[in-house]
Visitor: 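Pasting in a structure now, in structure tokens, and then I'll have a few things to ask.
Predicted, not measured: the structure shown is a model, and the values here were computed from it. Protein chains get the first letters and strands the later ones, always in sequence-line order, with residue 1 at the start of each.
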Number of protein chains: 2
Amino acid sequence: MVFNIGLLGLGTVGTGTAEIILDNFGRNPLLKEINIKQAGVRSLDKTREVELSADVMTTDLEAIVTDPEIDIVVELLGGLEPARSLILMAIANGKHIVTANKAVIARYGDEIYSAANEAGVYVLLEAAVAGGIPVIKPLKQSLGVNRIQSVIGIINGTTNYILTKMAAEGSDFADVLAEAQQLGYAEADPSADVDGGDAADKISILASIAFGERVKREEISCEGIRQISATDINYAEDLGFVIKLLAIAKGGKGQPLQIRVHPTLVPKEHPLSNINDVYNAVLVEGEPLGQVMFFGPGAGKGATASAVVSDIVNIVGILKSSDRRTNLDPLLSCSHQHYANLLPLTEITTRFYTRFLCKDVPGVIGYLGTCFGNHGVSLESVVQIGFQEDLAEIVVVTHDVKEGDFRQALAEIKDLDAIDSIPSIIRVL
Amino acid sequence: MVFNIGLLGLGTVGTGTAEIILDNFGRNPLLKEINIKQAGVRSLDKTREVELSADVMTTDLEAIVTDPEIDIVVELLGGLEPARSLILMAIANGKHIVTANKAVIARYGDEIYSAANEAGVYVLLEAAVAGGIPVIKPLKQSLGVNRIQSVIGIINGTTNYILTKMAAEGSDFADVLAEAQQLGYAEADPSADVDGGDAADKISILASIAFGERVKREEISCEGIRQISATDINYAEDLGFVIKLLAIAKGGKGQPLQIRVHPTLVPKEHPLSNINDVYNAVLVEGEPLGQVMFFGPGAGKGATASAVVSDIVNIVGILKSSDRRTNLDPLLSCSHQHYANLLPLTEITTRFYTRFLCKDVPGVIGYLGTCFGNHGVSLESVVQIGFQEDLAEIVVVTHDVKEGDFRQALAEIKDLDAIDSIPSIIRVL
Ligand SMILES: NC(=O)c1ccc[n+]([C@@H]2O[C@H](COP(=O)([O-])OP(=O)(O)OC[C@H]3O[C@@H](n4cnc5c(N)ncnc54)[C@H](OP(=O)(O)O)[C@@H]3O)[C@@H](O)[C@H]2O)c1
Ligand SMILES: NC(=O)c1ccc[n+]([C@@H]2O[C@H](COP(=O)([O-])OP(=O)(O)OC[C@H]3O[C@@H](n4cnc5c(N)ncnc54)[C@H](OP(=O)(O)O)[C@@H]3O)[C@@H](O)[C@H]2O)c1
């Protein structure tokens, strides 16, 4: 049998995808039955790393999604439009979809999955989260028999690279970002990565799968790493922590779901503390399973293409094995309708690391204790840790507190004359 | 719809399996469609941790595998017989199989899968390797589009616990084993674990999936941890290594496959070096993916049951989604016929750590260099590291060598008068 696929996009990931399919010796034998019928791009004049014959290349993307001979449309354009419209058009034409596009799924997943369920087609997206690491399928197929308690990920390689470098070299954010841009680990406009939006897209997808509810992307609270300083990385290190940009989804036990992205102090003995450079990792905790972690390359041509092609092969396996398919396999589709009720940030419970710059140390320490105490915030440690010119630096780590209470205490503390400023507030895992 | 399952065995894993299925709130909704029709045990008089009605419990295991109303037989007996015969009988009766039994699959996988393919039924075995960690399905479904280069696992929790404790406390094998037995981490007869047989069963299954060839279990070379001493753990630590029992499968590029289980010096910066206590991890390397690692609990009631139930749900998902199934999904079945040609241990290439006890240090060091050199073994380091009474301890770490050459050199070295003994020879990753 031959299964025809249409590629939308032949950039980094599209090229990697074509390379695996064309060079299939020693790989899954189903690859031999896959034919790249069309590949849609913006420009026919670019030289391409992968050789596809001229009649395969096209700029007419609509022709691909409506081609009656194409079984699977592989969307590797990126961005919201025309990706969204083309995916919907392909579904309406009975095509199965494979995509690596977290942005479009995080925002239009409800629309896309509703259409796919109606049309009886699959929309697979392993490559959209954590690149080459199998995490979406294990979460859907294997871990879902557990009551999932949390999914915590380092799922943005750019920020993990920057934080790792900052920690190793004691350098500042701006310098490391510039270096990462030169190396191709960060884009010219780095905001989607460094402000946490990319991680928020991905955790919204993971949370939706893990907790079986739709998630409104815009409700996810999201804080990036621009304000992380070499100073805080240093102090965190002294206290036994490393700073990582974590994407966190917690729920279960009938509690409202909480989903958030923020820099976090991770204890050095925690499995996520060892994930460095551009690597990604996703830690899932469930009952009765306990903790499992998936680790590997979160991006890059080959790794991401590995995930894309595994989804293609997955669909081919299903198509080959059934005569007439009455329903979608519930373990590979996405049928939940209900929107999750997200816990507001003020209601979450977490520990905090906070750094104060102040004038009068003994007075301040007493005042901090009283003021936090009045708001029910109990402190794990208060350390006068250094000096910045004539100002003393005090670092406070709290026990678990409700974020709202903590912020109220902080608002009061800010008003004290002896407090010069509060340069950093970072949550602790 | 209701899908009837028959449990063979209601011990640790059987109980965990029944508990997940019966207490299904907040888990994968497909669990609501699963009914435990029968549970077969040896004795009806034992009190059971899980409540199943009297007519569900039986000692007639053949009645379960031939029951026309049962869709899926879940084999959780352990051991070779009657497990093998009951699985074959269930297959002959058109049942899908889920099993956690690495011993029976490692030895009779060829017979079982041939029968299953003929009967058109699935035999799923996620729980057989690395307990609750999804690794079989990701390897089959996601990673197989890569050219797999190696699969390396810490896949026996008992030995990993013992080695971790020995390293942390400086204690000897026998003491830690006794402690592990008291804690229930090691069996009364610990040989399957400490001599590496359990890990060999599991790596033979992983290798077969990763490289698409059948593997003869008895051809796997296998060395346990009984001879690992506190001394070597200490010296390894000084050299920047930890000692782990690794199960290794390497192949690809048309090379014969190598599969082996042995204690191994793992560099501290390697991801497997941080896997401690009873945890398991499996590291897969492939092209173009790179390295991915799966980490989590490798045994225990809840974790293992999580994997068993995920397989059951997987089959239910397939049964619900197709009217009439013409073929098995190639990504969930196992159709390879060809037996792998395993590379003999003498032909593998690896580094070695070797500890010598000797009388005349300067003389010995010269002789070692010459003798290894004559056999093409180049040395990375030679260190006189300590004393045992009046004997000097010399530790040699080689570069990559062919194991056969190394052994020949060693045979010669042994004959030297100045060499008292060679207490340890451990491979290095
Ligand atoms: N790169 C990674 O490591 C990575 C990792 C995980 C996920 N992803 C996701 O994978 C997707 C693709 O990423 P990429 O890095 O491969 O992007 P890319 O290199 O920018 O490639 C995009 C491709 O789409 C084509 N294209 C874009 N807009 C088009 C339009 N309006 N009409 C026709 N063709 C259009 C481009 O055509 P031309 O070639 O003619 O310009 C190009 O071939 C994105 O959703 C991304 O988030 C990427
Ligand atoms: N335990 C783990 O953490 C773990 C982890 C991974 C894989 N596994 C695998 O899971 C399987 C089950 O392990 P387990 O720990 O659950 O074993 P177990 O606690 O010893 O339970 C075995 C069950 O099978 C029944 N049984 C055994 N032989 C029988 C026979 N001839 N006729 C009728 N019933 C028989 C026993 O009946 P009675 O109750 O009446 O004695 C018992 O219910 C094994 O293949 C094991 O390797 C276990």
Side-chain angles (χ1 to χ4, degrees), chain A residues 16 19-20 25-31 126 132-134 137-138 141-148 212 252-254 271 274 286-297 300-303 305-307 309-314 317-318 320-332, chain B residues 16 19-20 25-31 126 132-134 137-138 141-148 212 252-254 271 274 286-297 300-303 305-307 309-314 317-318 320-332:
Chain A
E19 283 172 349
I20 294 179
F25 173 79
R27 309 184 191 277
N28 188 314
L30 287 180
L31 288 174
E126 187 61 67
I133 315 171
K137 232 172 279 177
Q141 298 193 322
S142 301
L143 305 181
V145 303
N146 292 276
R147 293 194 180 106
I148 303 296
K253 302 187 207 129
N274 290 316
E287 181 277 325
L289 172 62
Q291 289 187 330
V292 297
M293 192 174 82
F294 304 88
F295 160 84
K301 179 173 87 165
S306 160
V309 181
S310 80
D311 277 347
I312 297 173
V313 164
N314 207 173
I318 293 171
K320 276 180 73 83
S321 62
S322 70
D323 223 14
R324 184 165 80 85
R325 182 156 284 268
T326 48
N327 301 295
L328 292 174
D329 185 331
L331 286 172
L332 284 172
Chain B
E19 283 173 348
I20 294 179
F25 174 79
R27 307 183 191 281
N28 188 314
L30 287 179
L31 288 174
E126 187 61 70
I133 314 172
K137 230 170 283 176
Q141 298 194 320
S142 302
L143 305 180
V145 302
N146 292 277
R147 294 193 180 105
I148 303 295
K253 301 187 209 133
N274 289 317
E287 181 278 324
L289 174 62
Q291 291 188 329
V292 297
M293 191 173 83
F294 304 88
F295 160 84
K301 180 173 86 165
S306 161
V309 179
S310 80
D311 278 347
I312 298 173
V313 163
N314 207 171
I318 294 171
K320 277 180 74 83
S321 62
S322 69
D323 225 14
R324 186 167 77 86
R325 181 156 286 269
T326 47
N327 301 294
L328 291 173
D329 185 333
L331 287 173
L332 284 171

Visitor: Taking all non-hydrogen atoms of both residues, which atom of A:Gly132 and which atom of B:Leu143 are closest, and how far apart?
Guide: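 Closest heavy-atom pair between A:Gly132 and B:Leu143: O-CD2, 4.5 Å.
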
Visitor: Out of curiosity, B:Glu126 CD to A:Ser142 OG, how far, rounded to the nearest 0.5 Å?
Guide: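 Spacing of CD (B:Glu126) from OG (A:Ser142) equals 5.0 Å.
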
Visitor: To the nearest 0.5 Å, how far apart are OG in A:Ser310 and CG in B:Asn146?
Guide: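 Going from the OG atom of A:Ser310 to the CG atom of B:Asn146 covers 8.5 Å.
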
Visitor: Starting at CD of A:Glu287, measure out to OG of B:Ser306 and round the result to the nearest 0.5 Å.
Guide: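 The OG atom of B:Ser306 is 10.0 Å from CD of A:Glu287, to the nearest 0.5 Å.
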
Visitor: Tell me the closest heavy-atom pair linking A:Pro330 and B:Gly317, and the distance in Å.
Guide: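 It is CD-O, 3.7 Å.
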
Visitor: Go through the atoms of A:Glu19 and report whether side chain, backbone, both or neither lie under 4.5 Å from a heavy atom of chain B.
Guide: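 Contact with chain B involves no heavy atom of A:Glu19 at all.
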
Visitor: What pair of heavy atoms forms the shortest contact from A:Ile133 to B:Val292, and how long is it?
Guide: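 Residues A:Ile133 and B:Val292, closest heavy atoms: CA-CG1, 4.3 Å.
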
Visitor: Return the minimal non-hydrogen interatomic distance between B:Pro288 and A:Arg27, and the atom names on each side.
Guide: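 Shortest heavy-atom separation between B:Pro288 and A:Arg27 comes out as CD-NH1, 3.7 Å.
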
Visitor: Apply the test side chain to side chain contact (heavy atoms under 4.5 Å, CB included) to residues A:Val145 and B:Ile312: give CA-CA distance (whole Å), side-chain angles for both, the deciding distance (0.1 Å), then the verdict.
Guide: CA-CA 10 Å; A:Val145 303; B:Ile312 298 173; over 6 Å; no

Visitor: Between chain B and each of A:Gly296, A:Gly212, A:Gly302, A:Pro138, count heavy-atom pairs under 4.5 Å; write down the option with the most.
Guide: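 Going by pairs under 4.5 Å, I would pick A:Gly302.
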
Visitor: Go through the atoms of A:Asp311 and report whether side chain, backbone, both or neither lie under 4.5 Å from a heavy atom of chain B.
Guide: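 For A:Asp311, neither part sits under 4.5 Å from chain B.
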
Visitor: Under a 4.5 Å cutoff for heavy-atom pairs, which residue among A:Met293, A:Arg147, A:Lys137 has the most contacts with chain B?
Guide: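 The option with the most such pairs is A:Arg147.
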
Visitor: Could you grab the distance from atom CG of B:Leu332 to atom CG of A:Asn314, nearest 0.5 Å is fine?
Guide: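 Atom-to-atom, B:Leu332:CG and A:Asn314:CG are 8.0 Å apart.
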
